Engineer: 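Below you'll find the structure I mean.
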Amino acid sequence: MAEGGEEDLPRDAKIVKTLLKSMGVEDYEPRVVHQFLELWYRYVVDVLTDAQVYSEHAGKASIDSDDIKLAIQSKVNFSFSQPPPREVLLELARNRNKIPLPKSIAGTGVPLPPEQDTLINPNYQLAITKRRQTSQPEETEEDEESADPNPTPSQNPSVSHEKTDVPQGTPQRVSFPLGAKRPR
């Protein structure tokens with residue numbers, strides 16, 4: 001990091017730079033100093049606010065060192081937790097490792113869960129509404145005599161519409177799997 005402009009830095013920023021240098025950090029972005037300053041100021045404000053609450057609770061007129069020590073101790077107890085001792089972790093690991101892993105029942109390849117637990121079942125539904133056909137005039141006896149003896153379904157509307165069991169206007173639901181392959 002460039003050392004130019006060192007003289008116009010605030011005292012706290014110079015302290016943060018010195019701390020970083022003492023810990024062996026030589027290369028860092030300039031905003032790291034600002035982030036540390038923000039963390040530092042927030043921590044100090046929290047500790048002083050807690051110390052003021054403790055002082056008021058004790059009925060004191062001002063904050064003293066005991067209030068600040070108590071505030072710092074409460075921050076340490078609730079903000080930072082110490083890891084368990086190494087011996088405790090080793091004992092836990094030994095107990096856990098006594099239980100053998102289950103044998104793999106699957107052969108080669110990737111073991112998959114049972115079919116009912118997978119997401120390849122039909123899970124997508126479309127609501128298809130039937131369109132209502134416009135009503136055509138009814139045939140009379142005169143029309144039947146002049147009609148074609150072999151009517152096609154398009155000519156005889158009564159034949160083409162009687163095959164549907166779904167009432168008109170009722171949506172029909174269709175399900176299909178998302179990952180299915182099309183038949184060829």
Side-chain angles (χ1 to χ4, degrees), residues 1-129 171-181:
M1 185 175 141
E3 296 296 323
E6 184 86 22
E7 59 278 345
D8 61 342
L9 285 176
R11 183 179 64 91
D12 294 339
K14 289 178 184 177
I15 292 172
V16 169
K17 282 185 155 192
T18 306
L19 284 171
L20 287 171
K21 213 176 265 187
S22 71
M23 295 180 73
V25 180
E26 295 294 328
D27 190 28
Y28 53 88
E29 294 185 22
R31 65 180 177 184
V32 170
V33 175
H34 298 291
Q35 290 171 341
F36 273 119
L37 286 173
E38 177 68 29
L39 178 69
W40 184 6
Y41 293 152
R42 190 177 328 138
Y43 181 77
V44 169
V45 166
D46 286 345
V47 167
L48 290 177
T49 304
D50 289 348
Q52 184 178 12
V53 169
Y54 297 145
S55 176
E56 289 173 0
H57 181 71
K60 300 178 194 173
S62 64
I63 300 173
D64 61 2
S65 63
D66 291 335
D67 297 326
I68 293 177
K69 287 178 185 176
L70 184 61
I72 291 172
Q73 189 61 39
S74 68
K75 278 271 183 227
V76 168
N77 288 342
F78 293 112
S79 298
F80 308 106
S81 62
Q82 297 294 325
R86 182 179 169 91
E87 294 79 27
V88 172
L89 290 176
L90 287 173
E91 183 63 30
L92 286 173
R94 243 183 262 113
N95 289 338
R96 185 64 179 166
N97 290 335
K98 284 180 184 176
I99 303 169
L101 293 173
K103 298 288 183 196
S104 175
I105 56 172
T108 59
V110 178
L112 296 175
E115 181 89 18
Q116 67 269 16
D117 296 334
T118 61
L119 297 176
I120 58 173
N121 292 329
N123 58 357
Y124 192 81
Q125 292 186 347
L126 294 176
I128 302 173
T129 57
Q172 178 184 6
R173 298 217 179 263
V174 178
S175 296
F176 57 91
L178 289 175
K181 294 183 180 179

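The basis for the numbers below is simple: all heavy atoms, side chains too, and nothing from hydrogens, waters or symmetry mates. Quantities reported herein were computed from a predicted structural model and do not represent experimental measurements.
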Engineer: Before accepting this row, confirm whether a basic side-chain N of the pair Arg42/Asp46 lies closer than 4.0 Å to the acidic partner's carboxylate O.
Structural biologist: no
Engineer: If I take atom CG from residue Asp64 and atom CD1 from residue Ile68, how far apart are they, to the nearest 0.5 angstrom?
Structural biologist: 8.0 Å
Engineer: About how many Å separate NZ of Lys21 and OH of Tyr28, when rounded to the nearest 0.5 Å?
Structural biologist: 6.5 Å
Engineer: Give, for atom CG of Leu70 and atom NE2 of His57, the distance between the pair rounded to the nearest 0.5 Å.
Structural biologist: 10.0 Å
Engineer: Drop me the distance from Ile72's CD1 to Lys69's NZ, to the nearest 0.5 angstrom.
Structural biologist: 9.5 Å
Engineer: Is there a donor-acceptor pair under 3.5 Å between the side chain of Thr18 and the backbone N or O of Lys14?
Structural biologist: yes
Engineer: Which heavy atom in Ala51 sits nearest to a heavy atom in Ala71, and how many Å separate them?
Structural biologist: N-CB, 3.7 Å
Engineer: Given Phe36, which of Asp12, Leu20, Ile15 fulfils the side chain to side chain contact (heavy atoms under 4.5 Å, CB included) condition?
Structural biologist: Leu20
Engineer: Out of Leu89, Val88, Leu90, which residue meets the side chain to side chain contact (heavy atoms under 4.5 Å, CB included) rule with Arg86?
Structural biologist: Leu90
Engineer: Can any side-chain N or O of Asp67 pair as donor or acceptor with the backbone N or O of Ile63 at less than 3.5 Å?
Structural biologist: no
Engineer: Can you find a side-chain donor-acceptor pair between Asp66 and Tyr54 that sits under 3.5 Å?
Structural biologist: no
Engineer: Evaluate the side-chain proximity of Arg96 to Leu92: yes if any heavy-atom separation is below 4.5 Å, no if none is.
Structural biologist: no
Engineer: Out of curiosity, Gln52 CD to Lys60 NZ, how far, rounded to the nearest 0.5 Å?
Structural biologist: 13.0 Å
